[in-house]
Peer 1: 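Please read through the structure below; I'll follow up with questions.
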Amino acid sequence: MKKHTLAAVLLAVFGFAGLATAHEGHAHKVMGKVTAVDDMRIEVEGRDGKKVSGLLGPKTMFMRGRIVAVLADVKVGQRVVVTMVEEHETMNVTKVMLGAKAVAHKTPVAKH
């Protein structure tokens with residue numbers, strides 16, 4: 001009987017943990033690729049295949065590592081981590097972390 005009680009308690013705790021993180025005002029992070037972007041919103045396809053859209057605003061920060069970036073740096077197909085906060089049933093983007101720029105590798109020149 002004790003095993004069933006423990007299982008029920010664990011199920012309740014872990015089952016409600018997902019709901020607890022989904023309230024308004026809490027930051028949500030989405031990792032994935034940009035599928036659409038314009039002056040007002042960004043859409044990201046997460047690693048689970050779900051698309052999430054959020055509104056961009058004057059307080060949205062754009063970063064590439066520790067370097068400040070701008071909206072124009074965000075391109076469709078680019079990997080990003082987007083932080084959003086739900087306010088009044090609207091997802092507002094607070095931060096967009098851009099993936100590192102691809103570094104061009106020099107091909108060694110063969111000496112004859």
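The structure presented is a predicted model; accordingly, all values stated were derived computationally and were not measured.
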Peer 1: Treat each ILVMFWY residue as a node, draw an edge where side-chain heavy atoms are under 4.5 Å apart, and state whether V68 and V81 are in one component.
Peer 2: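 They do share one cluster, since a chain of ILVMFWY contacts under 4.5 Å joins V68 to V81.
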
Peer 1: At their closest point, which heavy atom of M91 faces which heavy atom of E86, and how far apart are they?
Peer 2: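 Closest approach of M91 to E86, heavy atoms only: SD-CB, 3.5 Å.
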
Peer 1: According to a hydrophobic-cluster definition based on side-chain heavy atoms being under 4.5 Å apart (Ile, Leu, Val, Met, Phe, Trp, Tyr only), do M97 and M84 belong together?
Peer 2: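 As far as the 4.5 Å side-chain criterion goes, M84 and M97 are not connected within one cluster.
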
Peer 1: May I ask you to test the F62-V96 pair for a side-chain heavy-atom distance under 4.5 Å?
Peer 2: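 A side-chain contact under 4.5 Å exists here.
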
Peer 1: Do K29 and K95 come close enough that some side-chain heavy atom pair is under 4.5 Å?
Peer 2: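 Not touching, per the 4.5 Å side-chain cut-off.
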
Peer 1: Starting at OG1 of T83, measure out to NE2 of H28 and round the result to the nearest 0.5 Å.
Peer 2: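 Between atom OG1 of T83 and atom NE2 of H28 there are 10.5 Å.
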
Peer 1: In residues 34-45, what donor-acceptor pairs under 3.5 Å come from side-chain atoms, sequence neighbours left out?
Peer 2:
unit_1, atom_1, unit_2, atom_2, d
T35, OG1, E43, O, 3.3
T35, OG1, E43, OE1, 2.7
D38, OD1, M40, N, 2.8
D38, OD1, R41, N, 2.9

Peer 1: Looking only at non-hydrogen atoms, find the nearest pair between V30 and G46 and report the distance.
Peer 2: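 For V30 versus G46, the nearest heavy atoms are CG1-CA, 4.3 Å.
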
Peer 1: Does CE in M63 sit with more than 12 non-hydrogen atoms of other residues, nucleotides or ligands closer than 6.0 Å?
Peer 2: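 Yes.
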
Peer 1: Could you walk me through whether N92 and T94 pass the side-chain contact (heavy atoms from CB on, under 4.5 Å) check?
Peer 2: CA-CA 6 Å; N92 294 308; T94 57; 5.6 Å; no

Peer 1: Determine all donor-acceptor pairs shorter than 3.5 Å in which one atom belongs to a side chain in residues 48-56; sequence neighbours excluded.
Peer 2:
unit_1, atom_1, unit_2, atom_2, d
D48, OD1, K50, N, 3.0

Peer 1: Does M31 form a side-chain contact (heavy atoms from CB on, under 4.5 Å) with R79? I'd like the steps, not just the answer.
Peer 2: CA-CA 8 Å; M31 258 191 290; R79 292 188 182 278; over 6 Å; no

Peer 1: Might you point out which heavy atoms bring A27 and V85 nearest each other, and give the distance in Å?
Peer 2: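 Scanning both residues completely, I find the closest heavy atoms to be CA-CG2, 4.1 Å.
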
